[in-house]
Amino acid sequence: MLFNTLQYALFLPIVFALFWLSPQKWRVWILLSASYIFYMTWKPVFILLILGLTLVNYYLGFAVHKSEKHKKRWLTLAIVLNLGTLAYFKYAYFLCETTNQCLQPFGLPPASLPFKIILPLGISFFVFEFIHYVVDVYRGHQPIKSFPAFALFASFFPTQIAGPIKRFQDFIPQFLAPAKLSIKQFDTAISLILLGLFKKVLIADNLSFFVQGGFSQPQLFSGLDLWVFAYAFAFQIYFDFSGYTDIARGSANLFGYKVPINFNLPYLANNISDFWRRWHISLSTWLRDYLFIPLGGSRLSKWLNYRNLIITMTLGGLWHGAAMHYLIWGLYQGILLVAHKEFQAFKETQAWLKAAFESQVGKVASILLTFHVVCIGWVFFRAETNTLALQMLSKMLTMAPAIEQSAGQTKDVAMLLPTINYPLIYPSVFLLLPLLALAHIAMGYINKTNLIERTPKFAKIAWCCAMIFVVLVFSPDKSPRFIYFQF
Amino acid sequence: MTAEDDKPKPLVKKLLSSYVICAALLFVGLEAVGSALNTYAPQTLALSPYKSANRSWVWWNVRDFGRLTAAPDIVLLGSSLMMAPLHGGDAVHLNSAQNVPLHHKSQLLEDLLQEKFNRNYHTFAFALGGEMVSDAWAISDTLLKGERKPKVIIYGVAPRDFMDSALPSAASTEVYKYMSRIGDLSAVDKDAYSSFWQQGENALSKISFTYKHRPDFLYIQHRWAKELFRKLLGYKELELVNSPYHVRKQAFSELPEDNGPGSLFVDPPGPAQEPYEANLDEYRFRYRKVNLKQFNTQLTFLERLLVLSEKENIRIVLVNMPLTEDNMGLMPPGFYQNYLDKVTALTTSHKALLLNLNDPKIFPQKYFTDSVHLNTRGGEHFFQVLADRLKADPETAAIISQAGVGSNSTATTTKTTTTMQTKLNRAILEGLPKSATVQDIVKLAGPHHSDIGSGLHILTYPLADGSWAMIGSPDMKAIMYIHFQQSEPKSGFEK
């Protein structure tokens with residue numbers, strides 16, 4: 001069930017009404033049942049997977065907590081079980097293909113899996129939540145006693161499919177305390193849902209048409225055109241995922257629960273480290289707490305610290321999908337973080353450089369530079385193969401013209417920029433992308449000045465009314481799935 | 001709901017303190033106003049499907065059908081399999097390019113029947129790309145009744161019209177969506193909307209004014225956007241025919257179906273054999289799995305069409321359209337025979353005529369432009385065979401011989417030529433530079449003879465040799481295309 005469908009538009013109010021009309025003691029059960037129904041609308045059989053993992057982790061949590069001697073052994077078992085499940089469903093094909101590629105030079109026959117594996121929705125998210133749970137119990141936190149509360153923690157429908165990745169210490173107390181909902185909270189929740197739908201159906205879905213055109217056939221476009229496609233994808237993925245997160249947060253708020261934010265205006269980051277503090281925050285903090293720190297974090301020598309950064313980001317890249325281009329994207333992020341650390345150290349030794357970067361011009365330049373290196377990363381992320389990504393990047397970095405071959409003749413053609421006799425979204429992008437960039441800056445100002453709080457009620461009413469209209473009109477029959485659903 | 005507000009307030013006051021609830025109430029109010037305006041003052045909002053900002057293929061047909069002064073004698077129904085011979089056949093017969101959005105009749109069939117029955121006939125074609133049986137029924141049920149009913153319906157069918165994996169339900173085609181906006185098809189909602197959720201969406205469109213008029217708002221927004229980009233960036237209407245394939249593909253996925261009056265022409269054949277394109281991948285996808293539910297649903301629509309024809313006293317002739325053996329080979333085993341058996345049984349039980357023209361001896365591969373569509377010569381051949389078969393069936397021949405008007409009547413539709421004194425010729429127009437504008441042509445040849453466009457301008461100019469030029473322009477400045485034809489171009493059904 002997608003958030004931008006009629007199914008969800010009926011499902012959410014029904015659950016909302018049942019939840020608030022029921023006595024407190026039933027509410028967790030109602031949400032749990034709703035969450036399982038939500039999951040089963042995709043493929044009912046996979047309810048067994050989420051239920052099985054919930055049961056196993058629930059009991060392993062107690063085993064880790066109670067055991068004196070074999071604490072670490074229970075923890076290892078829990079991690080192996082969770083990661084093993086993830087590896088089986090998500091990486092079996094990838095491992096098989098990679099093995100075949102390695103064996104090919106030796107003339108060995110390619111291996112193939114004797115059965116078809118379907119990737120269960122949301123597995124990457126709930127497996128990470130289970131790992132966080134058992135590791136934190138190992139670190140001394142009290143395990144969750146209530147099974148329904150624990151089951152709901154992992155299956156809570158607003159965050160079930162694509163996060164944000166929750167922490168049980170924040171979430172469980174909210175379940176156990178009596179739920180409350182004020183008018184203000186209700187307004188915020190619905191506004192968030194409408195805003196999320198607006199981001200998804202109006203911005204991300206429309207940009208997806210444009211992006212698809214460029215990334216599927218980069219050979220047809222010039223280097224400059226490909227930069228525009230990369231910018232467009234940067235905004236598409238941001239509005240798609242942050243739109244999803246807004247709907248998830250709004251839906252959770254309707255039940256009186258708060259889930260963490262995932263984005264904080266990431267394209268206003270002034271360096272790559274700052275970017276990762278603003279982008280997919282729940283994943284980057286998870287990677288920090290459960291991968292980077294256990295590897296030794298930054299307490300070790302400089303080179304080991306760098307090694308840990310690269311391992312963390314590379315595995316983080318692979319988490320997004322079982323494909324080499326995600327791995328390369330993660331590796332690229334790791335290298336950028338290392339480069340940034342080196343540059344920071346160098347900058348500290350050069351007073352003039354430090355002063356230049358701290359000036360207003362320097363700050364704007366840093367934001368622009370960060371945005372562009374992030375866009376280069378998005379090329380690896382979005383391109384279907386590394387070959388296509390490299391083809392695009394080489395054209396982008398050399399500003400190569402597009403080449404058109406017809407009737408044995410080759411001619412240079414800059415396909416996109418000077419030729420606007422194209423489908424509508426092509427010329428629209430030249431207005432849309434600058435507007436989205438300005439909206440990013442405006443949101444920074446609005447957040448800083450708390451402008452939303454001070455907005456008069458009539459303006460909020462008009463805004464909401466317009467959102468309802470936009471969502472009804474633009475909710476397409478064939479809206480693409482949220483990008484992060486595939487992870 | 002447990003409120004946290006400091007002072008206890010009456011429930012209504014408390015609810016009205018929510019700006020979201022106020023917005024929802026305002027929205028409901030605006031919906032009521034919109035609905036009332038659309039009912040009592042329809043010109044205010046201009047959301048009528050007849051004046052839609054979006055001009056899909058079916059929109060052009062319905063517009064021109066509405067302009068008819070009398071019911072046609074024969075209506076042609078079918079998918080692109082019928083469209084191809086219709087336009088191709090006339091392109092050969094009239095030796096002129098056929099303007100697809102405006103060409104809704106078969107001059108060739110009219111002339112062939114005139115020869116055989118010595119009477120003049122009016123035909124009208126509702127042959128539309130992707131038309132399913134449910135679409136053919138929707139068109140018939142909405143338009144081909146009462147005063148507008150024809151004497152004969154010739155409906156070209158093929159297995160794809162009954163089962164297409166590319167379609168989730170009968171109601172998902174552009175034709176069905178459009179017809180459901182101008183007619184009341186609610187009696188068959190259960191069959192047309194295959195899932196509970198589709199039925200839910202249909203119900204919502206009946207309740208909500210905004211949701212019901214969603215396509216209008218979308219198209220209006222597209223028009224505004226195009227106009228804005230035309231002014232700001234010089235955006236020109238996409239020339240679909242001559243655009244690179246990847247751009248066309250992009251346009252089809254992105255833009256709503258919106259055709260200008262000169263967006264597609266079918267040219268007469270040249271001396272060389274027409275090229276053949278094996279479009280087997282497309283049909284492999286369409287036939288990939290047997291969807292019996294869809295197939296049976298479409299059969300019920302065929303039965304509805306047959307019942308409707310009986311009730312309206314319309315002779316219905318089903319034509320099993322020619323296909324290549326390559327295409328037949330892609331169908332799941334047994335599917336074609338089952339399709340033919342079921343269609344035969346239905347036509348027999350409703351005393352309709354079934355003409356099976358799917359015969360490689362009659363239509364060998366040289367008549368095809370791809371695995372399913374006839375080329376222009378194939379189109380000409382198709383109507384020749386069809387006219388012979390119609391004449392050969394006594395019952396149909398009797399009906400056709402009573403239809404139309406006697407050939408001595410002045411109300412003929414035969415080709416007319418207009419001769420005018422002009423120095424303008426094809427060579428001059430073909431020699432114009434790419435940067436030439438409409439003003440340049442006006443300087444050369446004076447003002448245009450007529451503007452047959454709707455939305456886009458199509459300016460007609462008579463040429464010195466008696467033929468005509470059509471100049472397409474989005475803004476009376478830039479020239480999108482120049483086409484030539486032998487007879488005087490007319491808009492819509494005037495043609």
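Here is the naming used below: chain letters follow the sequence lines, and residue numbers restart at 1 for every chain. Only a predicted model underlies this, so the values are computations on that prediction, with no experimental measurement involved.
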Q: Taking side chain as everything from C-beta outward and backbone as N, CA, C, O, which of these in S172(B) sits under 4.5 Å from a heavy atom of chain A? Side chain, backbone, both or neither.
A: neither

Q: Between I190(A), L194(A), L10(A), D187(A), which residue shows the highest count of heavy-atom pairs closer than 4.5 Å to chain B?
A: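 Highest number of pairs under 4.5 Å: D187(A).
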
Q: Give a yes or no on this: more than 12 heavy atoms of other residues, nucleotides or ligands lie within 6.0 Å of atom NZ of K206(B).
A: yes

Q: So do the side chains of L472(A) and R214(B) get within less than 4.5 Å of each other, counting heavy atoms only?
A: no

Q: What residues form a salt bridge (charged side-chain N to carboxylate O under 4.0 Å, His left out) with D135(B), not counting sequence neighbours?
A: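 Checked D135(B) against salt bridge (charged side-chain N to carboxylate O under 4.0 Å, His left out); zero matches.
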
Q: Give, as side chain, backbone, both or neither, the part of L204(B) having an atom under 4.5 angstrom from any heavy atom of chain A.
A: side chain

Q: If I measure from the heavy atoms of chain A, does Q198(B) come under 4.5 Å with its side chain, its backbone, both, or neither?
A: neither

Q: Does atom CD of Q221(B) have more than 12 heavy-atom neighbours from other groups under 6.0 Å away?
A: yes

Q: Output a table of donor-acceptor pairs, distance under 3.5 Å, between side-chain atoms of residues 454-471 of chain A and any protein atom two or more places apart or on a different chain; print 'none' if there are none.
A:
| residue | atom | partner | partner atom | Å |
| --- | --- | --- | --- | --- |
| R454(A) | NH2 | T449(A) | O | 3.0 |
| T455(A) | OG1 | L451(A) | O | 2.9 |
| T455(A) | OG1 | I452(A) | O | 3.2 |
| K457(A) | NZ | L16(B) | O | 2.7 |

Q: For the interface with chain A, which of L26(B), L228(B), L25(B), L232(B) has the highest count of heavy-atom pairs at distances below 4.5 Å?
A: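 Looking at each option in turn, the highest pair count goes to L26(B).
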
Q: If you count heavy-atom pairs under 4.5 Å between each of C22(B), S18(B), P215(B) and chain A, which one has the most?
A: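 The residue among C22(B), S18(B), P215(B) with the greatest pair count is S18(B).
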
Q: For the NZ atom on K212(B), are there more than 12 heavy atoms of other groups (residues, nucleotides or ligands in this structure) within a distance under 6.0 Å?
A: no

